[in-house]
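Report on the structure given below.
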Amino acid sequence: MSPRKRHWLMKSEPGDFSIDDLQRVGSEPWTGVRNYQARNFMRQMQVGDGVLFYHSNCAVPGIYGLAEVASAAYPDPTQFERKSRYFDPRASREQPRWDLVDVRFVRHLARPLPLEEIRTHADALGEDFALIRKGTRLSVLPVTAAQWKLLLSLE
DNA sequence: GCCAACGTTGGC
DNA sequence: GCCAACGTTGGC
């Protein structure tokens with residue numbers, strides 16, 4: 001029996017890869033995570049886990065869509081590709097350093113949920129919500145069932 | 001473009 | 001193991 005479904009938030013710069021891009025391709029390997037904490041969260045992911053798709057570094061940062069985890073974690077191939085911006089000379093195929101999961105499009109939100117608005121619910125979301133915790137810049141972070149429910153009630 | 005906050009690297 | 005320097009993230 002697999003553990004019950006969990007929830008995550010994953011950030012992407014829309015100029016790089018947006019929710020519209022994900023809709024177009026259907027499913028995408030989440031390449032380029034080079035932070036150990038974020039990598040470790042991806043290692044915990046199970047197929048079917050829910051994902052809030054967040055746009056960062058853009059005019060209106062916020063949650064724009066829903067996705068789901070479509071694979072277990074496996075080595076990020078870009079770490080081995082010398083020409084990739086994500087190449088890591090310390091990684092080898094025998095000893096990969098970075099993992100990723102495939103992420104599958106589910107739907108756009110009925111309306112985007114701006115970070116500015118999410119902040120107004122900080123009390124209800126709680127101090128453990130890494131998205132709005134001061135100084136946290138994780139690109140992959142866990143979301144509790146309660147936080148997930150609250151956020152989706154706002155769309 | 002600025003810059004605060006944080007993670008990583010590498011000299012010692 | 002310390003910590004200064006550097007690079008990155010990401011809101012504004």
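Below, chain A is the first sequence line, B the second, and so on; all start at residue 1.
Using a 4.5 Å cut-off between side-chain heavy atoms of Ile, Leu, Val, Met, Phe, Trp and Tyr, with links allowed through other members, A/M45 and A/V47 fall into different hydrophobic clusters. Clustering ILVMFWY residues whenever any of their side-chain heavy atoms sit less than 4.5 angstrom apart, transitively, puts A/L66 in the very cluster that holds A/M42.
Rounded to an integer number of Å, the gap from CZ of A/R137 to P of B/dG7 is 7 Å. As rounded to whole Å, 11 Å separates atom C1' of C/dG11 from atom CD of A/E116. Following rounding to the nearest Å, A/D88 (CG) and B/dT8 (P) show an atom-to-atom distance of 12 Å. The nearest whole Å value for the distance from the CD1 atom in A/I132 to the P atom in C/dG10 is 15 Å. Rounded to whole angstrom, the span from the CZ atom of A/R34 across to the P atom of C/dG10 amounts to 15 Å. Taking atom NZ of A/K134 as the reference point, atom C1' of B/dA5 lies 7 Å away to the nearest angstrom. Taking atom CZ of A/R39 as the reference point, atom C1' of B/dT8 lies 14 Å away to the nearest angstrom. For A/D16 and C/dG10, the CG to C1' distance is 13 Å, given to the nearest whole Å.
A salt bridge is defined here as a Lys NZ or Arg NE, NH1 or NH2 lying under 4.0 Å from an Asp or Glu carboxylate O, and A/D76 with A/R39 fails to meet this definition.
Ring orientation note: the planes of A/W148 and A/H7 are tilted relative to one another, at an angle of 30° to 60°.
An OP1 or OP2 oxygen of C/dT9 is reached within less than 4.0 angstrom by no side-chain nitrogen or oxygen of A/K11. Between A/Y86 and the phosphate of C/dT8, there is no side-chain N or O to OP1/OP2 separation shorter than 4.0 Å.
The distance between the ring centers of A/Y36 and A/W98 falls below 6.0 angstrom.
Within residues 55-62 of chain A, the residues that have a heavy atom under 4.0 Å from DNA chain C are, in order of number, A/S56, A/N57, A/P61.
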- Message: The test is side chain to side chain donor-acceptor pair (under 3.5 Å); show your working for A/D128 and A/Q147 and say whether it passes.
- Response: CA-CA 10 Å; A/D128 61 330; A/Q147 289 160 350; 3.3 Å; yes

